[in-house]
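Remarks on the structure that follows.
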Amino acid sequence: QVQFVESGGGLVQSGGSLRLSCAAAGFTLDNYPIGWFRQAPGKEREGVSYINRLSSSKYYKDPVKGRFTISRDNAKNTAYLQMNSLKPEDTAVYYCAARTKYDSTWYSESAYDFWGRGTQVTVSS
């Protein structure tokens, strides 16, 4: 089931920027922390970033630290991932998800029950 709708992906040159949006469907976003994940062809899906309900905690995996910024607007039921200084290694389908379990890390897929279908980000060199 589609529980988030991601948008904002596309093709960009290395060094460029994209802003991904994640709109919640069928539930209230502010009840959940949000994680962004990505999956490159032939690779496992991996956690990218995380934000808690009140935006007081934000986490990033090392490859994107200093380049990506996660945010949310609970009034709009939407989360965002601002991606700057993009690299070809960032090419992947990006997914947002709502965290529902806390017996694992924020970057564990098993911690999330609500997922979008993803949006493609392609970074050319």
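When a residue number appears, it is its place in the shown sequence, counting from 1. Because the structure is a prediction, the values reported are computed rather than measured.
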Please identify each residue that fulfils side-chain contact (heavy atoms from CB on, under 4.5 Å) with [X], with sequence neighbours left out.
| X | result |
| --- | --- |
| Asn31 | Thr28 |
| Ala98 | Phe4, Phe27, Tyr32, Ile34, Phe114 |
| Ser125 | Pro88 |

Under 6.0 Å from the six-membered ring centre of Tyr80 and within 45° of its axis: does the NZ or CZ of Arg19 meet both?
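Judged by the rule (NZ or CZ under 6.0 Å from the ring centre, within 45° of its axis), Arg19 counts as positioned above Tyr80.
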
Should Leu20 and Glu6 be marked as a side-chain contact (heavy atoms from CB on, under 4.5 Å) after you check the CA-CA gap, both sets of side-chain angles, and the distance that decides it?
CA-CA 7 Å; Leu20 305 184; Glu6 299 100 334; over 6 Å; no

Quick check: closest heavy atoms across Thr105 and Ala111, and the distance to 0.1 Å?
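Of all heavy-atom pairs spanning Thr105 and Ala111, the closest is O-CB, 3.9 Å.
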
Enumerate donor-acceptor pairs with a distance under 3.5 Å from any side-chain N or O in residues 38-55 to protein atoms, sequence neighbours excluded.
from  : atom 1 : to     : atom 2 : distance (Å)
Arg38 : NE     : Glu46  : OE2    : 3.0
Arg38 : NH1    : Asp90  : OD1    : 2.9
Arg38 : NH1    : Tyr94  : OH     : 2.9
Gln39 : NE2    : Lys43  : O      : 3.0
Arg45 : NE     : Glu109 : OE1    : 3.3
Arg45 : NH2    : Glu109 : OE1    : 3.0
Ser49 : OG     : Tyr59  : O      : 2.9
Tyr50 : OH     : Arg99  : NH1    : 3.2
Asn52 : OD1    : Ser55  : N      : 2.9
Asn52 : OD1    : Ser56  : N      : 2.8
Asn52 : OD1    : Ser57  : N      : 3.1
Asn52 : ND2    : Ser56  : OG     : 2.8

Got a sec, which residues hit ring pair (Phe, Tyr, Trp, His ring centres under 6.0 Å) with Phe37, two or more places apart in sequence or on another chain?
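Partners of Phe37 under the ring pair (Phe, Tyr, Trp, His ring centres under 6.0 Å) test: Tyr112, Trp115.
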
Contact check, side chains of Glu89 and Thr91, non-hydrogen atoms, under 4.5 Å
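Glu89 does not reach Thr91 side chain to side chain.
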
Heavy-atom side-chain proximity of Val121 to Val93 below 4.5 angstrom
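No, too far: nothing below the 4.5 Å cut-off.
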
The criterion is side-chain hydrogen bond (donor to acceptor under 3.5 Å, both in side chains); which residues satisfy it with Ser7, sequence neighbours excluded?
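Not a single residue meets the side-chain hydrogen bond (donor to acceptor under 3.5 Å, both in side chains) criterion with Ser7.
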
Please determine whether residues Trp36 and Leu18 belong to a single hydrophobic cluster, defined as Ile, Leu, Val, Met, Phe, Trp and Tyr linked transitively by side-chain heavy-atom distances below 4.5 Å.
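Yes: a chain of side-chain contacts under 4.5 Å links Trp36 to Leu18.
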
Can you confirm whether the side chains of Asn84 and Ser17 place a donor and an acceptor under 3.5 Å from each other?
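Yes.
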
From CA spacing to verdict: side-chain contact (heavy atoms from CB on, under 4.5 Å), Thr69, Leu81
CA-CA 6 Å; Thr69 303; Leu81 186 67; over 6 Å; no

Would you give the length of the straight line joining atom [atom1] of [X] to atom [atom2] of [Y], rounded to the nearest 0.5 angstrom?
| X | Y | atom1 | atom2 | value |
| --- | --- | --- | --- | --- |
| Leu29 | Asn77 | CG | CG | 5.0 Å |
| Gln82 | Ser21 | CD | OG | 9.5 Å |
| Ser85 | Arg67 | OG | CZ | 7.0 Å |

Should the heavy atoms of other residues, nucleotides or ligands under 6.0 Å from NZ of Lys76 be counted, would the total exceed 12?
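Not buried by this count: 12 neighbours or fewer within 6.0 Å.
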
